[in-house]
Every structure is written in C-alpha cells, then in structure tokens.
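Notes to accompany the following structure.
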Amino acid sequence: MKQAIVVFNSGSTSLKFGAYAVDSDADPAALSLLCVGRIDSIEGDPHFFVKDAAGKSLAAHEWGEGHAIDHAVALQHVITWLATHLSEKTIVAAGHRVVLGAMRYDAPVRIDGEVLDYLDSLVAMEPSHQRLNIAGARAFAEAFPEVPQVACFDNSFHRTMPEVAQTYALPKEVRDAGVRHWGCHGISYDYISRQMPKFAPQARRVIVAHLGGGTSLCAMQGGRSVETTMGFSALSGLPMATRSGDIPPGALFYLLRSHRFDVAALEKMLYERAGLLGLSGISGDMRVLLGSADPQAIAAVAQFVYAMTKFIGAYTAVLGGLDALVFTAGIGENSAPLRAASCGQLAWLGVKLDEHANTAGGPRISAADSAVSVWVIPTDEELMIAQYTLALLGPC
Ligand code: ADP
C-alpha cells in the first residue's frame, strides 16, 4: 500500500484532516485509515493533534494560549505535516469538504480553475465555510500541483428533497438567483445513511440528529434526504454552539433599521455570538452548559432540546411516522444526558430509552419495546470524502 488519499474538512474554527491508504484495486470500500487529526480553536487557543488508526498519538502541537493563528497558517501546518509523514507514500488525490455546490454541482467534482472560480462566486451565499474550503484546495494545489483534487459538497445529499421542501415562497427571479433550501451536513448524513442497513435494516423512516458545533436534523426516507433543518445557509434550523438557528426575517430588518447593526455586524453576531453562547452568556460548548448549575445554562440546554422536539415532531409528520432516530457528531455521540433529555420529550412517539445502553453509548440505546429504535452512530465525514474522491477519480 504505497498510495494515499488525503482529505480536508475546514470548519469555521477547526481544520480536520485525514489520510487513507489506497488498495491497488481502488475499491472505495477498501480504504484504510493512516491517520486522522485536527487543529481546533484556530483563532483562540490553537492546538494540533493527529493519531493513527489505532488511536495512538502521532503528533501534537500547541501555539500557546492567546497565540491565535489564521486558517492559512493552519493549512500550511497540516500540509507540511502530511507531506513529511507520508513521504514514503505517493499522495494520489486530495478530497475536500465544500459546503455549497449550489446550482451547478450536485455531486463530487474534480477541481480545476473553472470549478474553483464558480465555488468562489458562492462565497456571498455561504460566508462561513465556503471561503475556507476553497482556500484548502488552493493551498494544497500550491504544495502538490500535479495531484488531482475533488470537491465533495455538503448540500449534494439533500438534492433528493422533494421540490416542495427545497423551495421558498419567493418570486421566481429570487429563487433563480439561488435562494433555495440547500441544506448542510450532507456528507455526514450520507455516511450515516450507508451505515443504517448494518444497524436497523428495516428502518425506512429515519431522523438523524447531527449535533456538533453546527447542528441539524435530517429526515430520511429509504436512505434519502426528504427534509433538513439547515436551510439556505448554515445559520438555519436548530440553535448551534454560536450560530442562531432560525430567526424571523422581520427581526433582522428591525436590527438593521434600528442602526444597532450593519450587515457585517449582524452576520457576525448571528454566526459567532448567538446560539447556545448567546442564550447562556456562558459558553457555546454543550459540555460546559450541561455541567453548570447556572439558570442561564440550564435554559440554553432546554431551548436546544425544545427546538429538537419541535423539528422531530414536524419531520415525523413529513415522514408519516418514525422507525428510527439516530444521534451523531460531537454532542450526539458523546452526551448521554442530552440524548436522554431529547428522548424524554418523545415519549408520545413511543420512544423508550434504555438508560444503561444510553450511558454506555449504544449503538442501540432504546428499550426492546420502544416503538422507535434509537441509535448512536459515530459519523465519519473524512472517510466519506475519501470514498467520494476515489469513486470519482477511479484507479489512480
Ligand atoms: P464540529 O461540529 O466542530 O465539526 P464535532 O462534531 O466534533 O465538531 O462537535 C463538537 C461539539 O461537540 C462541541 O461543541 C462540544 O461541545 C461537543 N461535545 C463533545 N463532547 C461532548 C460531550 N461529552 N458532551 C456534550 N457535548 C460534547
């Protein structure tokens, strides 16, 4: 196994990456993990760590508290580390998570100058991640100009939503300009959808809760997305760590008109100071909030659970019932109390939690006689990106 695929997943405050060994028959299912790592808190207290497939630490680095870096420095650090660590292998491809392919791309695409220019043109639609996703592809191309790269889109998975779910009640010219229910977290949802037959092969009507720093729900029918809480941008739906979730448009006009915010300040507030952080005034980190007795922290968690309950009710109606509920991503995979609180609100659906299994982390956390099976399934966006990349490029 001399060939490797590398993958990049740039978030607003983190950069995740991985490398996979490619078997000579180039079967996407045959990818094996070489290493996976991340730089967290890029603009706060940046720290880099990477581990091998067995979870053993391969490297770690801290820049020191108060020593903020930017995404360009973070990318350079990761690319240099990968180049050194994989020096015995040939890097044959790079895959990138890109939030928006919008009107032109609804499936992974090989990156060239024209593709990058189009993706660049979408930054105004998706200001939080798109720019960083593209920067990753450009930085990698500078270091490895001969290596093919693939853009894998977070909204692709949601293109199966019925037209009625993808459309906003706006005039045609506005809809044609791309104001559409694009959705997000599709790479994660696709991964979970492919895992479902292993866990609950009979489940056709499924809601997956991707609860990380960004949070969303996806209603799936037969493994395909039919609804999702992220809308036009990554601001919609549930409250997130620091993003607001749904806010009535009238409130935004009011804030702009009352001169308390200009557009840039409003956008920054909605992305960086809202959500769990805004509600609690303490932290956007669910761990901190769950561990706090402060009434504001308790209220923020309650609001998060309330929003989930509301959407799960609506999506159960969309699906015509519910067979399975899946928790994934940082909060979904790790927080038994949050899962218990959410499931507690779903007793009317016949959801019965197995407390012991929930504390143990699953995979099945519902009681044997629960009308809806409930699961904890770890997501793996990096592996999914590597599989898309290999599937598109074929034998390298
Ligand atoms: P991202 O959304 O940034 O890609 P993750 O899916 O890893 O990242 O989710 C990160 C979030 O998961 C953080 O906001 C963190 O608070 C939360 N988290 C991680 N572990 C726990 C835990 N044990 N309990 C509650 N929240 C957790």
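Remember, it's 1-based here, ligands and their atoms both numbered in the order they're listed. Sequence positions, counted from 1, serve as the residue numbers for this chain.
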request  = Evaluate side-chain contact (heavy atoms from CB on, under 4.5 Å) for Asp323 paired with Val372, printing each intermediate quantity in order.
outcome  = CA-CA 5 Å; Asp323 300 319; Val372 176; over 6 Å; no
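- With His96 as the partner, the side-chain contact (heavy atoms from CB on, under 4.5 Å) test is satisfied by one option alone out of Asn9, Ile111, Val6: Ile111.
- By the salt bridge (Lys or Arg N to Asp or Glu O under 4.0 Å) test, Arg364 is found to be paired with no residue, residues two or more places apart in sequence or in another chain being considered.
- Contact residues of ligand 1 (protein heavy atom closer than 4.0 angstrom to a ligand atom; sorted by chain and number): Lys16, Arg38, Gly212, Gly213, Gly214, Asp285, Met286, Arg287, Ala329, Gly330, Ile331, Asn334, Ser335.
- Cluster note: Leu277 groups with no other residue, as no ILVMFWY side-chain heavy atom lies under 4.5 Å from it.
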message = I'd like to know whether Arg138 forms a salt bridge (charged side-chain N to carboxylate O under 4.0 Å, His left out) with Asp120, so could you lay out the CA-CA distance, the side-chain angles of the two residues, the decisive distance to 0.1 Å, and finally the verdict.
response = CA-CA 11 Å; Arg138 290 200 199 280; Asp120 252 337; 2.4 Å; yes
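- For Arg97, the salt bridge (Lys or Arg N to Asp or Glu O under 4.0 Å) partners two or more places apart in sequence, or in a different chain, are Asp154.
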